[in-house]
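Here the structure comes first, spelled out in structure tokens, and everything after it is commentary.
Computed from a prediction, not measured in an experiment: that's the story for all the values here. Residue numbers begin at 1 in each chain, while the letters A, B, ... track the order of the sequences.
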Amino acid sequence: MSSDLIDKSYEPHEVEKKWYAYWEEQKLFSADETSKNNHFSIVIPPPNVTGVLHMGHALNNTMQDILCRYRRLKGDNVLWMPGTDHAGIATQNVVERKLASQGMDRQQLGREKFIEAVWEWRAESGSAIINQLKRLGASCDWDRERFTMDEGLSLAVRKVFVQLYKEGLIYRGDYIINWCPRCRTALSDLEVDHEEQEGLLYHIQYPFPGSTKGLIVATTRPETMLGDTAVAVNPDDERYFNLPGQEIVLPLTQRTIPIIQDRYVEMSFGTGALKVTPAHDPNDFEIGMRHQLESIKVIGDDGKMTIEAGSQFEGLDRFVCREAVVAMLKEQGLLVRIEKHDHSVGQCYRCKTVVEPNLSKQWFVKTKPLAKKAIEAVEDGRTRIIPESWAKTYFDWMYNIKDWCISRQIWWGHQIPAWTCQKCNQLMVEMDDPAVCDSCGSKELVRETDVLDTWFSSALWPFSTMGWPDQTPLLKTFYPTSVLITGFDILFFWVARMMMMGIHFMDEVPFKDVYVHALVRDEHGKKMSKSKGNVIDPLEVIDKYGTDAFRFTLAAFAAMGRDIKLSESRVEGYRHFINKLWNAVRFSLMHITENPGAFNEKRISLADKWILSKVGQLTISVTESLDNYRFNDAAASLYRFVWHEFCDWYLEAIKPVLYGKKGEEEKAATIAVLWSVLKDTIVLLHPFIPFVTEEIWDKMPGTHGSIMKAEFPGGDKPLFQDPEAVSTMEMITGIITGIRNIRGEMNISPSKLLTASVQTDDGKKQEQIRTHQEMICSLAKLEVLNLSRTGDRPKSAATSLVEGMVVFVSLEGVIDFSKEEERLVKETGKIEQELSTVQKKLGNKGFMDKAPEDVVQKVQDQNNQLQEKLQKIKINLEKIQELQRS
RNA sequence: GGGCGGGUAGCUCAGUUGGGAGAGCAUCGGCCUUACAAGCCGAGGGUCACAGGUUCAAGCCCUGUUCCGCCUACCA
């Protein structure tokens with residue numbers, strides 16, 4: 001076979017396209033919902049339909065794909081459930097922007113038409129991210145792709161809502177919630193991003209009635225004073241003992257408000273007097289509840305002041321109003337002072353608008369009872385969180401969980417199945433739309449317009465995607481799922497809530513393991529963001545370096561519990577690896593022209609046994625690593641094996657055999673081993689780099705069908721292991737490396753053939769060296785390799801010590817001896833240093849008495865070896881010095 | 001305020017029950033040796049943040065200090 005059958009370098013683009021289409025066509029990603037085989041299931045963290053693939057998705061899905069492909073090779077029945085999330089607010093924003101560009105808004109369009117427009121939009125561009133996942137090689141069972149707004153999933157949402165309502169775990173009420181004035185909707189606590197900002201603390205005088213004196217309160221938001229309904233002081237505060245029960249004048253208004261006592265007030269902050277605005281501050285709301293204070297809403301849902309704020313402020317934007325209030329207070333001499341004050345400001349996680357705490361009627365999930373069971377599940381290990389440190393974070397949040405505001409005042413989402421009777425105000429929550437009021441029989445029913453938080457439907461994902469509420473075969477086979485792979489940023493948003501819902505509705509945890517991976521950052525460790533301009537687009541990386549190189553990079557850097565700093569140059573490095581592999585295959589396939597069949601264990605060479613043992617160890621290491629989510633360990637073993645064992649040693653060692661220098665029989669045996677090793681290696685690599693391995697598989701003689709159907713190395717048979725061959729090979733490679741050291745350090749040209757000898761009295765080693773002297777000669781570029789006994793030594797030679805043997809490289813006509821002297825002096829220094837630490841241990845009575853025997857023995861052996869080594873090197877040093885003198 | 005993670009070679013990072021400090025990249029020297037110059041052969045480089053402690057033995061365990069990230073929280 002000539003090399004023109006395989007290109008000199010690997011070109012990913014066509015290969016990737018070809019094989020992905022093939023896999024899909026052959027239905028190789030399909031799960032069998034009835035199979036009794038060991039099953040393995042993952043539900044994808046559904047990306048937003050609005051989304052484009054970013055680095056986080058790439059990492060997350062690469063890991064899932066590695067596990068799924070690995071388990072398929074192991075023979076498991078694998079379900080990787082794909083789908084997307086309707087992303088209520090985000091999607092609505094996108095479509096609204098589109099409308100705006102056409103000079104329209106959703107109000108003009110009306111609810112129904114607007115929702116139609118969203119569906120249209122989804123039909124156009126909603127599959128973008130799915131196609132991007134495919135480019136990543138994701139082996140999801142696409143025929144089962146789900147969407148949170150699908151009919152089936154919507155039914156699940158409704159069922160869950162109705163049941164929770166009937167169980168008293170969902171309620172409606174007037175509470176203070178986070179309000180985004182731009183999105184015009186309520187947000188849950190999690191949907192508010194807090195950011196530390198420089199702000200101002202305004203000290204304002206509230207006068208006593210008919211007095212110029214008064215109390216000074218401090219606030220960062222002066223505009224809210226218009227809605228104050230009390231001033232609170234701490235009951236222990238001696239300064240204000242006589243005040244409670246009195247009233248105080250609220251400036252800029254006609255109102256007087258009471259002075260109350262509440263332990264919430266921090267005496268040390270400001271003046272110890274707190275203005276209370278129950279309608280616009282969560283704490284003040286609590287205080288208001290305790291003291292039955294009136295709530296006055298002065299900021300409207302649009303972020304502008306209401307009529308309650310007073311006619312001079314009505315209609316002003318809340319921040320404009322702040323300036324106006326401050327100016328007016330100043331005018332009236334009531335602004336005592338302004339201090340700089342850093343505080344955290346809540347922003348809408350979708351649009352960054354400053355969130356307004358606002359009183360309104362919303363729907364909530366009572367989370368405590370649900371959280372309790374979700375905590376227990378992790379405590380007793382039904383669900384493992386990996387790495388374990390995240391369990392603590394999970395517990396902290398779960399223990400301090402607050403009720404979850406689930407209603408959103410947008411249109412895109414699952415409309416809440418609640419109806420209010422216009423006659424008697426009866427509230428009905430039902431599976432089937434009610435026609436008449438179940439209390440008064442009126443037909444005047446009005447449906448709740450709010451929709452549910454997107455995360456409400458995501459919380460059902462592990463079972464809603466499998467057909468729940470129907471008891472489908474899919475659900476029976478694959479729930480609970482084997483593992484959830486996710487970033488820590490949605491641990492609360494999503495994982496915690498899936499736990500609560502899964503346990504409540506399925507009576508079983510949604511996943512056995514939760515593997516929490518890190519975030520992908522830029523090369524300086526900064527979060528990638530569009531505004532910083534440091535975003536690396538995964539698709540560009542794929543275009544430039546190929547999917548496999550990219551995936552391998554992600555796997556290699558995916559150490560547990562640490563962020564991944566990614567830069568293009570790293571991907572480039574792993575492209576080299578893919579190319580190295582490609583070329584190793586190219587070389588191998590020049591010699592493997594047909595299926596060589598099984599090798600005969602009795603006929604194979606040392607190098608063969610060694611590489612077979614190594615591939616066996618590799619198999620164990622990859623298996624263990626993947627079973628424990630140690631993707632980086634698996635990637636590292638594969639990298640080291642392919643490059644530094646298979647290419648650097650094995651292929652080099654068998655070249656003379658392949659070139660026919662050892663006869664046809666040995667050549668055939670070696671080719672059989674080469675084929676077998678290559679096959680196993682490619683299969684082990686496949687989960688990480690699916691495309692290039694499929695391409696190689698296709699080109700290899702003796703393979704059939706897709707590599708996805710291949711058998712994992714070993715199968716049921718024990719893996720090949722030959723420890724003796726491994727240690728012999730290590731000795732041989734040690735000798736070769738010793739000779740290469742000398743060559744390299746003394747700048748002897750690689751093309752110059754040398755003469756060397758190995759000095760040992762060990763008969764077995766002599767025998768082995770003799771047997772493998774051709775390999776040594778070829779790899780160390782020797783003309784002659786001699787064996788000698790102690791005492792024999794060449795006249796002028798450089799020396800190297802290997803496993804108690806002395807390797808001499810003849811320097812006749814090659815060298816200046818001062819260089820060799822330098823080498824040996826340096827070497828002596830190293831050995832002496834090692835020796836001193838070893839001897840310190842041996843001289844330590846405590847160590848000798850208390851250390852375990854095997855450790856002591858090991859140190860003693862080291863000591864002996866080092867002593868011997870030192871002695872030998874000293875002899876050679878003397879010789880060299882003699883030679884120089886003569 | 002609370003919590004978590006991190007500080008190991010020039011850079012990015014591994015280091016799984018405590019027992020001879022590692023990799024990749026970069027650097028330096030030598031090679032177009034017929035699969036691969038996206039390559040080959042060799043070399044140099046570390047007070048494992050700092051200070052204590054436990055131990056025969058600490059990068060690893062404990063305490064404190066410091067610096068850097070992140071998460072979380074109702075001091076207006």
Practice prompt. Using Watson-Crick or G-U wobble geometry with both distances below 3.5 Å, tell me the partner of B:C4, or none.
Written response: B:G69
Worksheet item: Quick one: is B:U72 close enough that its OP1 or OP2 comes under 4.0 Å of any side-chain N or O from A:His194?
Response: no
Worksheet entry | Carboxylate-amine/guanidinium proximity below 4.0 Å for A:Glu783 and A:Lys752 | no
Practice prompt. Determine, stepwise, if the pair A:Gln261 / A:Tyr240 fulfils side chain to side chain donor-acceptor pair (under 3.5 Å).
Written response: CA-CA 9 Å; A:Gln261 289 182 319; A:Tyr240 304 126; over 6 Å; no
Discussion item. With rounding to the closest Å, how many angstrom separate the C1' atoms on B:C70 and B:G52?
Written reply: 29 Å
Item to complete: Could you tell me whether the side chains of A:Asp228 and A:Thr277 share a donor-acceptor contact shorter than 3.5 Å?
Response: yes
Discussion item. Please determine whether a side-chain nitrogen or oxygen atom of A:Arg575 lies at a distance below 4.0 Å from atom OP1 or OP2 of B:A38.
Written reply: no
Worksheet entry | Carboxylate-amine/guanidinium contact A:Glu745 A:Arg823, below 4.0 Å | yes
Item to complete: Please state whether the base of B:G20 and the side chain of A:Gln862 form at least one donor-acceptor pair under 3.5 Å?
Response: yes
Fill in: Whole angstrom value for the distance that separates C1' of B:A57 from NZ of A:Lys858
13 Å
Discussion item. Without decimals, in angstroms, what is the distance between A:Arg570 CZ and B:A23 P?
Written reply: 18 Å
Response to the item:
Separation of B:A73 atom P from A:Glu286 atom CD, nearest Å, is 15 Å
Worksheet entry | Under-4.0 Å side-chain N/O to phosphate OP1/OP2 contact, A:Asn632 with B:C13 | no
Worksheet entry | Separation of atom CD in A:Glu745 from atom C1' in B:C28, rounded to whole Å | 13 Å
Practice prompt. Scan side-chain atoms only and decide if A:Asp861 and A:Gln857 contain a donor-acceptor pair under the 3.5 Å cut-off.
Written response: yes
Worksheet item: Which part of the nucleic acid, if any, lies within reach of A:Tyr639 when heavy atoms closer than 4.0 Å are counted: base, sugar-phosphate only, or nothing?
Response: sugar-phosphate
Practice prompt. Respond yes when some side-chain nitrogen or oxygen of A:Lys402 is under 4.0 Å from OP1 or OP2 of B:C74, and no when none is.
Written response: yes
Item to complete: Report the distance from atom CZ of A:Arg640 to atom C1' of B:A14, rounded to the nearest whole Å.
Response: 12 Å
Discussion item. Looking only at the side chains, is there a donor atom on one of A:Ser836 and A:Gln833 sitting less than 3.5 Å from an acceptor on the other?
Written reply: no
Discussion item. Can you measure A:Phe269 atom CZ to B:G1 atom P for me and round it to whole angstrom units?
Written reply: 14 Å
Discussion item. Strictly below 4.0 Å: does A:His203 bring a side-chain N or O up to OP1 or OP2 of B:A76?
Written reply: no
Worksheet item: In whole angstrom, what separates A:Tyr349's OH from B:C71's P?
Response: 16 Å
Item to complete: Look at the side-chain N and O atoms of A:Trp643 and state whether any lies under 4.0 Å from the OP1 or OP2 oxygen of B:C40.
Response: yes
Worksheet item: How is A:Val265 classified with respect to the nucleic acid when contacts are heavy atoms under 4.0 Å: base, sugar-phosphate, or nothing?
Response: base
Worksheet item: To the nearest angstrom, how far is A:Lys340 atom NZ from B:C75 atom P?
Response: 22 Å
Worksheet item: What is the ring orientation for A:Phe577 with A:Tyr574, classed by angle as parallel under 30°, tilted 30 to 60°, or perpendicular over 60°?
Response: perpendicular
Fill in: Side-chain donor-acceptor pair present, A:Ser778, A:Lys661, cut-off under 3.5 Å
no
Item to complete: Name the pairing partner of B:A23, where a pair is Watson-Crick or G-U wobble with both distances under 3.5 Å, or state none.
Response: B:U12
Fill in: Listed nucleotide nearest any side-chain atom of A:Lys392, set B:C71, B:C4, B:C75
B:C4
Item to complete: Examine the side chains of A:Asp189 and A:Asn178 and answer whether a donor and an acceptor come within less than 3.5 Å of each other.
Response: yes
Discussion item. Parallel, tilted or perpendicular: which one describes the rings of A:Phe641 and A:Phe646, with boundaries at 30° and 60°?
Written reply: parallel
Fill in: Under 4.0 Å protein heavy-atom contact, by nucleotide of nucleotides 30-36 of chain B - B base, S sugar-phosphate only
SS-BSBB
Please write out the pairs of protein N or O atoms and N or O atoms of nucleotides 58-61 of chain B separated by less than 3.5 Å, giving the distance to one decimal.
none

